[in-house]
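Here the structure is laid out as structure tokens; the discussion comes afterwards.
Note that ligands are numbered from 1 as they come in the structure, with each ligand's atoms numbered from 1 the same way.
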Amino acid sequence: MAHNGGDDDSEAGILYVVATPIGNLEDASDRARSTLASVALIAAEDTRHTRGLLAKWGIDTPLVSLHEHNEEGRIPGLLARLRAGDDLALVSDAGTPLLADPGYRLVRAVTAADLPVRPVPGPCALIAALSVAGLATDRFLFAGFLPARTAARKAALAELRTLPATLAFYEAPHRVGAVLRDAAEVLGGEREAWLGRELTKRFETHHRGSLAELAEQVRTGLAVERGEFVLLIAGADGEVERTAVEAEALLDALLEELPASRAAKVAARVLGRPRQELYRLAMQRAAADR
Ligand code: SAM
């Protein structure tokens with residue numbers, strides 16, 4: 001039983017959270033492979049998928065499934081194995097477990113039980129995307145998959161609108177076009193964005209442009225029906241967004257008392273901005289309120 005110490009129970013085994021390739025098998029680290037070869041049991045999101053991967057490396061460690069629907073039920077047995085001194089590994093189908101993948105509940109249970117857990121870091125589509133997109137990486141927010149329904153998706157995007165941090169999403173191919181359209185509408189079409197497809201794989205492509213440009217490219221034929229995608233969107237420009245939020249708040253208050261044309265006139269005077277612009281915004285706010 002290998003042991004790094006540091007946690008309470010020195011006889012216990014270790015849970016290794018192991019990153020696997022997101023496309024290119026050569027991205028698996030030596031440590032990932034040797035860990036998967038040496039543990040007593042691997043908890044895998046899809047055992048058939050992982051068995052295929054392990055076969056390529058000549059590894060025949062036993063597997064047990066651990067996915068969204070059985071994770072809770074698996075926990076007591078896996079904790080018992082760790083307490084008995086067995087080292088275990090957790091993997092997902094691709095990339096880093098827990099990142100839009102199962103494992104969070106298991107890792108929480110292991111740490112709550114004061115049992116040791118160690119990362120074996122490696123591929124992750126989110127980090128791969130951030131490393132090549134050329135958008136700010138000092139602050140980013142990973143929002144996983146956006147909701148499938150338009151209204152919920154727009155509401156989720158609206159919550160992120162004023163955030164001065166790069167926004168990162170995973171997306172299914174059949175939704176990429178709709179997400180770009182909604183993001184352009186809610187966040188503003190001029191926001192810089194980056195769409196990465198099939199990272200580390202043979203047909204890897206990167207597309208860069210404003211949200212409006214990317215939405216238009218998809219509308220006019222950019223092929224996005226297949227493959228795996230990461231979408232990154234530049235964070236809000238704090239000053240611009242603050243001004244927009246202030247204008248909206250002022251208009252909303254004025255619209256409670258005044259018709260749109262008068263509300264726009266007062267807001268234009270207070271904010272020192274063109275009356276037409278505020279009238280357009282007032283009409284949008286009034287329509288959204290109905
Ligand atoms: N845990 C994984 C990771 O570390 O990246 C992500 C798992 S999540 C269920 C799968 C999603 O990740 C895909 O739908 C896609 O949005 C993104 N993804 C995974 N591999 C990718 C790749 N090679 N290129 C682009 N996106 C990828």
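- Not a single donor-acceptor pair under 3.5 Å links the side chain of Thr50 to the backbone N or O of Asp93.
- Ligand-side atoms of ligand 1 in range of Glu171: 16 (O), range being under 4.0 angstrom from any heavy atom.
- Between Tyr170 and Phe142, the ring centre distance stays below 6.0 Å.
- Heavy-atom proximity to Lys201, at under 4.0 Å, picks out these atoms of ligand 1: 23 (N).
- Of the listed options Pro173, Ala172, Ala125, Ala125 places a heavy atom closest to atom 18 (N) of ligand 1.
- Residue-ligand proximity: Phe169 is placed with every non-hydrogen atom at 4.0 Å or more from ligand 1.
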>> Let's go through Asp101 and Ser92 carefully: what are the C-alpha distance in whole Å and the side-chain angles of both, what is the deciding distance for side chain to side chain donor-acceptor pair (under 3.5 Å) to 0.1 Å, and is it a yes or a no?
In response: CA-CA 7 Å; Asp101 267 340; Ser92 58; 2.9 Å; yes

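- A salt bridge links Arg161 with Glu248; the closest basic N to acidic carboxylate O contact falls under 4.0 Å.
- Contact atoms of ligand 1 toward Gly95: 3 (C), 4 (O) (distance under 4.0 Å to a heavy atom of the residue).
- Salt bridge annotation for Glu228-Lys201: present, with a cationic side-chain nitrogen under 4.0 angstrom from a carboxylate oxygen.
- Within the 4.0 Å heavy-atom shell around ligand 1 one finds Ala94.
- The shortest separation from a heavy atom of Val230 to ligand 1 is under 4.0 Å, placing the residue in contact.
- For the pair Thr205/Glu198, no side-chain contact is recorded, criterion being any heavy-atom separation below 4.5 Å from C-beta on.
- Only the side chain of Asp101 comes within 4.0 Å of ligand 1, judged by heavy-atom distances.
- Looking at atom 22 (C) of ligand 1, its nearest protein heavy atom turns out to be Leu199 N, 3.6 Å.
- Dense packing is recorded around CZ of Phe145, with more than 12 heavy atoms of other residues, nucleotides or ligands lying under 6.0 Å away.
- The ligand atoms of ligand 1 that sit less than 4.0 angstrom from a heavy atom of Ala100 are 7 (C), 8 (S), 9 (C).
- In this structure, Glu204 does not pair ionically with Arg197, as no charged nitrogen and carboxylate oxygen lie closer than 4.0 Å.
- When heavy-atom distances to ligand 1 are checked against a 4.0 Å cut-off, Phe145 comes that close only through its side chain, counted from C-beta outward.
- The shortest N/O to N/O separation between Ile22 and ligand 1 falls below 3.5 Å.
- In Glu204, neither the side chain nor the backbone holds a heavy atom less than 4.0 Å from any atom of ligand 1.
- Ranking the protein heavy atoms by distance from atom 15 (C) of ligand 1 puts Phe229 O, 3.5 Å first.
- Taking atom 3 (C) of ligand 1 as the reference point, the nearest protein heavy-atom neighbour is Tyr170 OH, 3.5 Å.
- Ion pair Arg74/Glu71 not flagged as a salt bridge, since none of the NZ, NE, NH1 or NH2 atoms sits closer than 4.0 Å to an Asp/Glu carboxylate oxygen.
- Below 3.5 Å of separation, one finds an N or O of Leu99 facing an N or O of ligand 1.
- Ser65 and Asn70 form a side-chain donor-acceptor contact under 3.5 Å, judged by distance and modelled atom types alone.
- A distance below 6.0 Å separates the ring centres of Trp194 and His206.
- Listed by number with element, the atoms of ligand 1 under 4.0 Å from a non-hydrogen atom of Thr96 are 1 (N), 3 (C), 4 (O).
- The protein atom (non-hydrogen) at minimum distance from atom 13 (C) of ligand 1 is Glu228 OE2, 3.5 Å.
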